[in-house]
Amino acid sequence: MASYKFTANIKRVKVDFDSAVESKHFNPNTYNRVKTNGIFLTDLSLVHYASIHFQSRFENSFPRRFRHTFDTIEPSIVKNKRAFCFDDCEEAELQKSSSEVIGVGFSSHLMHDLFDVNVNRINRIPNMGKKKRCDYEILKNSVKYIYESKGRKGSINRAKKEIINQKSSYPDCIKYGIISHIPRDGVTPVEIYVVDPNIRLPKFNKNDEVVTLLRHYSRCARLAGFYRLSEKLNERIRKILASNIGIEEFNKKELDYQNVIKHGYGRTFRYFGDQFEFFHAPNMDIGFKYESEKGYCVFSMEKNILEILDEQDYDKLLNYRFDNIFSDRFSLLDNGTLLLNFSCSKYRELSFNYL
């Protein structure tokens, strides 16, 4: 079962399950805990989950999507030590957008928890031309699960109908609907509703799982500023999909993404005894660094996962796992990504190397 360490105040979110929801696919201990106690997150971990998966209007810029996510969620959170409450300060159109982002953050954490999978097993479904399509897929034990995420300020009845229509495009998969009810009165806490799936168990193989992981880390690499690694991963994905042999042809065939001149600088720092890295390129919309009066917020990746991706060792990639640790100042997920918020002085103290 996924383990979490909390080093600061955390917030609880109640979760209600529709009576028709099939729970046998969830981790039983987690399911019972979530039904009884809900899920627990910090403000920063909510942003962390949302930023990896959310797709905004900034189609070609992961960092701008990330900043959009941060700008959307953070200002509307009411300061409450025990629950997530959101205010009504935004215009109606902006509230619709931010509710979607917030819903993605909550649903990603919930499914990560219920299925007891590494967050790198959750992937946004590529658009294959379907008008009514679900958002995300989860790969576990050779089975694929699909879920749709919704965030709503008012009634959730319409959201339920939309999920039914979207699920109809996937007749061969288990499909869950996750609806985050987000009142904007600044007082009423967020509540999550899980609605019923249609039961069927499509299979996937090791080849599918590795491709999904490479897609996931391509997104993470862009957020951490490793644009060359992201490009190389996408290139490798295309070659795997075009190959008759699949991943075996490319296993341990290195990317050598660092064997190229890059303009900018990389920073390396240690946190909880582990080494994390990110890269900033000048005059390029690559990498994420959010600066405010309070300090900096950066997205980074653990050194070992960067090495595994470069080496293309698929057995190590499939078995990679980290600890989940949440606090007010940082969010560390089991996919090896760290969202860190710290003061300007601490940021300047980080060791770095010019490349």
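Note: hydrogens, waters and symmetry copies are ignored here, and every other heavy atom, side chains too, is used. Numbering starts at 1 and runs along the sequence shown.
The backbone N or O of Val119 lies less than 3.5 Å from no partner atom in the side chain of Asn335, so there is not a single donor-acceptor pair. Side-chain N or O atoms of Ser107 include one that pairs as donor or acceptor with a backbone N or O of Val104 at under 3.5 Å. Asn319 places a side-chain N or O within 3.5 Å of a backbone atom of Asp315 that can act as its donor or acceptor partner.
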The test is side-chain hydrogen bond (donor to acceptor under 3.5 Å, both in side chains); show your working for Asn234 and Ser218 and say whether it passes. CA-CA 7 Å; Asn234 287 328; Ser218 172; 3.1 Å; yes
Report the C-alpha separation of Tyr176 and Ile146 in whole Å, then their side-chain angles, then the decisive distance to 0.1 Å, and conclude whether the side chain to side chain contact (heavy atoms under 4.5 Å, CB included) test is met. CA-CA 6 Å; Tyr176 293 89; Ile146 286 177; over 6 Å; no
Let's go through Phe84 and Leu41 carefully: what are the C-alpha distance in whole Å and the side-chain angles of both, what is the deciding distance for side chain to side chain contact (heavy atoms under 4.5 Å, CB included) to 0.1 Å, and is it a yes or a no? CA-CA 9 Å; Phe84 282 95; Leu41 287 162; 3.9 Å; yes
Walk me through it: do Asp43 and Lys11 pass the test salt bridge (charged side-chain N to carboxylate O under 4.0 Å, His left out)? CA-CA 8 Å; Asp43 293 353; Lys11 298 181 178 181; 2.8 Å; yes
Show the numbers, then the answer: is there a side chain to side chain contact (heavy atoms under 4.5 Å, CB included) between Arg124 and Arg215? CA-CA 9 Å; Arg124 187 170 178 88; Arg215 283 198 181 112; over 6 Å; no
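Note on ring orientation: taking the six-membered ring where Trp is involved, the planes of Tyr49 and Phe326 are perpendicular (angle over 60°, cut-offs 30° and 60°). Between His112 and His109, the ring planes are perpendicular. Angles over 60° get that label, and only those under 30° would be called parallel. Ring orientation note: the planes of Phe26 and Tyr31 are tilted relative to one another, at an angle of 30° to 60°.
A donor-acceptor contact closer than 3.5 angstrom is absent between the side chains of Asn118 and Tyr320. Between the side chains of Asn207 and Asn205, no donor N or O sits under 3.5 Å from an acceptor N or O.
Every residue two or more places apart in sequence or in another chain was checked for a salt bridge (Lys or Arg N to Asp or Glu O under 4.0 Å) with Glu302, and none qualifies. In this view, Glu248 satisfies the salt bridge (Lys or Arg N to Asp or Glu O under 4.0 Å) rule with no residue, not counting sequence neighbours. Scored by the salt bridge (Lys or Arg N to Asp or Glu O under 4.0 Å) test, Lys239 finds Glu235 as partners (sequence neighbours excluded).
Contact record, Ile39 with Phe106: CD1-O, 4.2 Å, taken as the closest heavy-atom pair.
Aromatic pair His48/Phe299: centroids less than 6.0 angstrom apart.
Considering only heavy atoms from C-beta on, Phe279 stays 4.5 Å or farther from Leu229 through its side chain. The side-chain heavy atoms of Phe330 and Ile325, taken from C-beta on, include a pair separated by under 4.5 Å.
Ion pairing between a basic and an acidic side chain is recognised when a charged N comes within 4.0 Å of a carboxylate O; Glu231 and Arg228 show such pairing. Between Asp116 and Arg321 there is a salt bridge, since at least one side-chain N of the basic residue sits less than 4.0 Å from a carboxylate O of the acidic one.
Here the CG atom belonging to Asp310 is positioned 8.5 Å from the CG atom belonging to Leu306, to the nearest 0.5 angstrom.
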